[in-house]
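Everything on this sheet refers to the single structure shown next.
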There are 2 protein chains.
Amino acid sequence: MNSITNLNTISHETALTDVSPTCLNCQNCSIKDYCLTPESVGGQLSELKHSVKKRRIIHKGHLLFLAGQPRRNAYVIRKGSIKCYDLDPSGKERVGDFHLTGEVIGLEDLDTSTHHCFAVALEDSEICEIPLLPLQNLLLSRAALCRELLSLTTCRVRQQRHLTKLVSQSEATARVANFILGMAQRLRLRCPDQSRFRLSMARNDIASYLGIQMETVSRSIGNLQKQGLINVRSKQIELCKPEQLALKYAFH
Amino acid sequence: MNSITNLNTISHETALTDVSPTCLNCQNCSIKDYCLTPESVGGQLSELKHSVKKRRIIHKGHLLFLAGQPRRNAYVIRKGSIKCYDLDPSGKERVGDFHLTGEVIGLEDLDTSTHHCFAVALEDSEICEIPLLPLQNLLLSRAALCRELLSLTTCRVRQQRHLTKLVSQSEATARVANFILGMAQRLRLRCPDQSRFRLSMARNDIASYLGIQMETVSRSIGNLQKQGLINVRSKQIELCKPEQLALKYAFH
DNA sequence: CGCATAGTTGACAGCACTCAAATGAGGTGG
DNA sequence: CCACCTCATTTGAGTGCTGTCAACTATGCG
């Protein structure tokens, strides 16, 4: 899917479907147990849950927000997954991040007034909207919340550093192996069988994210499969020997 | 210099020389005009300057702190430059960051109790120490300061993202060109002649930072020089045609 | 069922890595 | 101040991984 198509689809109001406000109660939410937890230090950050004002369905391929657009909300992904990307000078997509169910998106740009990337749904998804203006005010009064956000952001710096190292220092197969291990880890909480899961993103996206070509991703996956470490059928991934996969490729 | 040597030298008390506390006044500091400014949004962050409790000289090759060590202070570099690195499983150095005069170091790990990297002086340097315990308390009472730190950290996430992309997507010469352009930019404020400056780090370090080999750094520099874009004599860099250098290689 | 898109596989070329040797710079002691 | 030593840097030759281009196959959607 190219970005021009995306830019068109955003204008369709059908792209973002509001959910009846009656079911916004976080206490009753089906994912309340692991929502926000993967990144939260637990505690103050759950205050954010009380700031949810709107819930929306966003269909596969539709944009949640655009680079350059005024930043008004943060979002918690209630269901589905979101890809963040920007465009290089020639207009080609560059994937910067993947966000999965239960994760927050949009707090990264807290220090600026506009989004710095495009966010598109990788599958039919559902997001909870947190208006940032009230949040900013909340930050003024709740120092503890502010500190927790600070922790979260600091943690992101470290994660991003780790990615920089992974991507700059290891060969293609190791990058792919670590990508798969990372996905398994992030999906762990909400996946019944930890060793079987579905990648929501295209090979294309993985390639862009890892700084290699799609063909190389394909070959690397084939490589891992030939070694009997994983089993792949299209987007379905099965970890046959997770320990060995980690032992051989995990990047620290 | 390998890390074993470093680990030994840290035990020498001579490595860190305290400066007489009488000259700690930031108002009289020779670098007060650009200290903290490069990253600060200006304003609250300068409060940090009042938290400076100690000033130290740290000689070339000596460690400011070690990975795993309890984190007690943040540091402002008053003079010189600092390299941050960690060790890969085989014990090899991996450079994560360079910090120059006027920049803060140690706030990245604000959410953890220990340092995650080693910090070594690339040249004889001088640092101002900011104890973090009082700072944490300050954060509780000064929401504005906290928000500003939040902005700074968020900004770091973006910078790190940019590095991830640079390092994952461009070829060696482009990485080196961008590294040089970035250094020029960061040194701009305090350098009389913007187009001539001295790199304080070794080719080795640049290589590790950019995810390429030392020999490749060398060849890339040679490459840029052959094109007449820069002039290099050892660590001395001269930008002959900064605009053309940026035009051809700048990564966005 | 058919089309469009996504993913795989193959062939070949080029860039960067590795190993090795030569050159240059910086620091130390006489 | 110079000679020497050590380490940093450059340069060269050869190999291998990954990128590019192209053809083929699989998947998914209407």
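Just so we're on the same page: letters track the sequence lines, and every chain starts at 1.
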How long is the line joining [atom1] of [X] and [atom2] of [N], in whole Å?
| X | N | atom1 | atom2 | value |
| --- | --- | --- | --- | --- |
| B:E93 | D:dA8 | CD | P | 11 Å |
| A:M214 | D:dT18 | CE | P | 16 Å |
| A:N204 | D:dG19 | CG | C1' | 15 Å |
| A:R198 | C:dG7 | CZ | P | 10 Å |
| A:E171 | C:dC17 | CD | P | 13 Å |
| B:Q213 | D:dT11 | CD | C1' | 16 Å |
| A:I212 | C:dA16 | CD1 | P | 16 Å |

(request) Using a strict 4.0 Å threshold on nitrogen-to-oxygen distance, state whether A:K79 and A:E126 make a salt bridge. (result)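 Between A:E126 and A:K79 there is no salt bridge, as every charged N stays at least 4.0 Å from the carboxylate O atoms.
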(request) Before accepting this row, confirm whether a basic side-chain N of the pair B:D124/B:K60 lies closer than 4.0 Å to the acidic partner's carboxylate O. (result)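 Answer for the salt bridge query: no.
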Per the atom types in the model, does the base of [N] pair as donor or acceptor with the side chain of [X] at under 3.5 Å?
| X | N | answer |
| --- | --- | --- |
| A:R233 | C:dT8 | no |
| A:R219 | C:dG7 | no |
| B:E215 | C:dC19 | yes |

Could you please name the option among [options] that lies closest to any side-chain atom of [X]?
| X | options | answer |
| --- | --- | --- |
| B:S218 | C:dG7, D:dG19, D:dT10 | D:dT10 |
| B:S234 | D:dG19, C:dT18, C:dA25 | C:dA25 |
| B:A172 | D:dT9, D:dC29, C:dA16 | C:dA16 |

(request) Can you label the angle between the B:Y85 ring and the B:F118 ring as parallel, tilted or perpendicular, going by 30° and 60°? (result)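 Judged by the thresholds at 30° and 60°, the geometry between B:Y85 and B:F118 is parallel.
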Would you tell me if any nitrogen or oxygen in the side chain of [X] comes within less than 4.0 Å of OP1 or OP2 on [N]?
| X | N | answer |
| --- | --- | --- |
| A:R203 | C:dT8 | yes |
| A:K235 | C:dG7 | yes |
| A:T216 | D:dT18 | no |

(message) Could you measure the distance from the CD atom of A:Q160 to the CZ atom of B:R156? Nearest 0.5 Å is fine.
(response)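 It is 14.0 Å, given to the nearest 0.5 Å.
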(message) Tell me whether the count of non-hydrogen atoms from other residues, nucleotides or ligands lying under 6.0 Å of CZ in A:R196 goes above 12.
(response) no
(request) Would you classify B:I221 as touching base, sugar-phosphate or nothing, given that sugar-phosphate means primed atoms plus P, OP1 and OP2, and contacts are heavy atoms under 4.0 Å? (result)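 Contact class for B:I221: none.
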